[in-house]
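A quick write-up on the structure given underneath.
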Amino acid sequence: MALIPFGRNMGSLLVSYVKLAVSRRSSRRRHLAEMPNWALGLIGGYSLVAAWYWSIGVAEVGPGYVKAINVAAHLSPMAIATGVMLFLCGFQVWFYGTIAARCSKLLTDRTFK
């Protein structure tokens with residue numbers, strides 16, 4: 001029973017673990033330029049796939065949304081919500097695309113220069 005850390009000190013133990021994890025994370029923060037090539041490849045590859053995935057959704061829904069908004073007499077709350085969601089998907093395309101481009105540039109500079 002001594003191996004299970006339950007009891008009245010469980011809350012303080014959990015708080016100390018969280019504080020330790022946060023302090024380690026902030027002290028070990030690394031930039032993309034400091035990462036090894038294999039990590040840049042994994043991060044860049046994932047970001048490229050994520051940007052591609054979200055861009056397909058924006059490319060399929062975007063033109064239909066613009067056509068529907070141009071025909072409508074007024075903007076309904078559903079149309080505004082759809083526009084916001086489409087904007088957020090576009091933001092994800094931009095975000096992941098820039099990470100993929102940065103990783104690609106770093107790998108190209110390291111490999112060919």
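As the structure is a prediction and not an experimental result, all values here were calculated from the model. Only this structure's heavy atoms are used, side chains among them; waters, hydrogens and symmetry mates stay out.
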Rounded to the nearest 0.5 Å, what separation is found between the CG atom of Leu32 and the CG atom of Leu40?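 That separation rounds to 6.0 Å.
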
So how far is it from Met85 CE to Ile80 CD1, rounded to the nearest 0.5 Å?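 Between Met85 CE and Ile80 CD1, I get 14.5 Å after rounding to 0.5 Å.
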
Could you list the residues that satisfy side-chain contact (heavy atoms from CB on, under 4.5 Å) with Pro36, not counting sequence neighbours?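 If we apply the side-chain contact (heavy atoms from CB on, under 4.5 Å) test to Pro36, skipping adjacent residues, the hits are Arg30, Trp38, Ala39.
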
Say whether [X] and [Y] are linked into one hydrophobic cluster, either directly or through other cluster members, by side-chain heavy-atom distances under 4.5 angstrom.
| X | Y | answer |
| --- | --- | --- |
| Val58 | Leu48 | no |
| Leu75 | Val66 | no |
| Leu107 | Ile43 | yes |
| Tyr46 | Leu42 | no |

Residues which pass side chain to side chain donor-acceptor pair (under 3.5 Å) with Asn70, listed by chain and number, not counting sequence neighbours: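 Residues passing side chain to side chain donor-acceptor pair (under 3.5 Å) with Asn70: none at all.
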
Which residues satisfy the side chain to side chain donor-acceptor pair (under 3.5 Å) test with Arg110, sequence neighbours excluded?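 Result, side chain to side chain donor-acceptor pair (under 3.5 Å) vs Arg110: Asn37.
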
Might you point out which heavy atoms bring [X] and [Y] nearest each other, and give the distance in Å?
| X | Y | value |
| --- | --- | --- |
| Ile99 | Ser47 | CG2-OG, 3.2 Å |
| Ala100 | Gly44 | CB-O, 3.8 Å |
| Ala51 | Gly97 | CB-N, 3.7 Å |

For Lys67, what residues pass the salt bridge (charged side-chain N to carboxylate O under 4.0 Å, His left out) criterion, not counting sequence neighbours?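 Not a single residue meets the salt bridge (charged side-chain N to carboxylate O under 4.0 Å, His left out) criterion with Lys67.
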
Residue pairs, two or more places apart or on separate chains, that pass side-chain hydrogen bond (donor to acceptor under 3.5 Å, both in side chains) and touch residues 75-93: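 Passing the test, one end in residues 75-93: Trp54-Gln92.
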
Between Thr111 (side chain only) and Thr108 (backbone N and O only), is there a donor and an acceptor less than 3.5 Å apart?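 Pair absent, no side-chain N/O of Thr111 close to backbone of Thr108.
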
Applying ring pair (Phe, Tyr, Trp, His ring centres under 6.0 Å), can you list everything that pairs with Trp94, at least two apart in sequence or on another chain?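 So Trp94 forms a ring pair (Phe, Tyr, Trp, His ring centres under 6.0 Å) with Phe91.
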
